A.B. asks: 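Here's a structure for you.
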Amino acid sequence: DTTLARRVKEKRLAASGKLECQICRFDFEREYGEVGRGFIEAHHTVPVAELNSGTRTKESDLVLVCSNCHRMLHYGSKLLSPEELAARLRSRSET
């Protein structure tokens, strides 16, 4: 169900006027213009495969991320947390 993700995106856009990645700050509209307006991916911090059938996802369970960061969160044998990926980016920029 995409209703929750859409609501999270709408709230963020209304609050900040933009949709940027919560990890790397990439903004599709800034980079691609009109075609990128309103685009961002919603990442479940608890993997969908691990949810019980009765579990309801909350807004706080979603993180808005660019496609690159979303892919990196899922890359490898262990799912990274958004905080872990952001820390990796910070440590790379400090070197």
Side-chain angles (χ1 to χ4, degrees):
D1 184 9
T2 61
T3 304
L4 181 61
R6 189 172 33 253
R7 187 169 57 235
V8 169
K9 293 173 188 182
E10 288 170 356
K11 282 185 175 182
R12 174 69 52 77
L13 190 57
S16 69
K18 58 187 172 183
L19 292 176
E20 65 179 13
C21 177
Q22 289 179 248
I23 296 172
C24 74
R25 302 295 177 220
F26 184 85
D27 181 327
F28 285 91
E29 184 176 9
R30 182 179 61 234
E31 296 299 322
Y32 298 112
E34 182 66 30
V35 71
R37 181 174 299 198
F39 185 82
I40 195 98
E41 298 190 24
H43 170 72
H44 289 79
T45 55
V46 177
V48 175
E50 293 179 12
L51 296 175
N52 296 324
S53 61
T55 303
R56 301 213 19 109
T57 303
K58 302 178 295 295
E59 288 183 19
S60 60
D61 295 331
L62 297 178
V63 178
L64 300 182
V65 294
C66 71
S67 304
N68 284 343
C69 285
H70 198 196
R71 184 67 186 117
M72 292 309 301
L73 289 168
H74 287 276
Y75 185 70
S77 59
K78 178 188 175 286
L79 185 71
L80 290 174
S81 73
E83 296 79 18
E84 289 172 317
L85 185 57
R88 287 179 184 214
L89 280 176
R90 279 193 306 275
S91 70
R92 300 267 312 150
S93 67
E94 294 170 357
T95 58

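Given the structure is predicted, the values throughout are model-derived calculations rather than measurements.
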A.B. asks: Once salt bridge (charged side-chain N to carboxylate O under 4.0 Å, His left out) is applied, do any residues pair with Glu29, and if so which ones, sequence neighbours excluded?
C.D. replies: Arg37
A.B. asks: For His70, enumerate each residue passing the ring-ring contact (aromatic ring centres under 6.0 Å, His included) test, keeping only those at least two apart in sequence or located in another chain.
C.D. replies: His43, His74
A.B. asks: I'd like to check the side-chain contact (heavy atoms from CB on, under 4.5 Å) partners of Asn68; sequence neighbours left out, ordered by chain and number.
C.D. replies: Cys66
A.B. asks: Does any part of the side chain of Phe26, heavy atoms only, come nearer than 4.5 Å to the side chain of Ser67, both counted from C-beta?
C.D. replies: no
A.B. asks: Return yes when atom CZ of Arg88 has more than 12 non-hydrogen atoms of other residues, nucleotides or ligands closer than 6.0 Å, and no otherwise.
C.D. replies: no
A.B. asks: Looking only at heavy atoms, what is the nearest atom pair of Ser60 and Thr45, with distance?
C.D. replies: O-OG1, 4.5 Å
A.B. asks: Would you say His44 and Asp61 make side-chain contact, with heavy atoms under 4.5 Å?
C.D. replies: no
A.B. asks: In Å and rounded to the nearest 0.5 Å, what is the NZ to NZ distance from Lys9 to Lys11?
C.D. replies: 15.0 Å
A.B. asks: Under a 4.5 Å side-chain heavy-atom rule over Ile, Leu, Val, Met, Phe, Trp and Tyr, are Leu79 and Leu64 clustered together?
C.D. replies: no
A.B. asks: Arg12: which residues meet the salt bridge (charged side-chain N to carboxylate O under 4.0 Å, His left out) condition with it, sequence neighbours left out?
C.D. replies: none
A.B. asks: Starting at NZ of Lys18, measure out to CZ of Arg25 and round the result to the nearest 0.5 Å.
C.D. replies: 8.0 Å
A.B. asks: Can you name the nearest heavy-atom pair linking Phe39 to Leu19, along with the distance?
C.D. replies: N-CD1, 4.2 Å
A.B. asks: How is the hydrophobic cluster of Ile23 composed, in terms of its other members, when Ile, Leu, Val, Met, Phe, Trp and Tyr link through side-chain heavy atoms under 4.5 Å apart, directly or indirectly?
C.D. replies: Val63, Val65, Met72, Leu73, Tyr75, Leu80, Leu85, Leu89
A.B. asks: Might you point out which heavy atoms bring Leu4 and Thr57 nearest each other, and give the distance in Å?
C.D. replies: CD2-O, 3.2 Å
A.B. asks: Once salt bridge (charged side-chain N to carboxylate O under 4.0 Å, His left out) is applied, do any residues pair with Glu84, and if so which ones, sequence neighbours excluded?
C.D. replies: Lys78
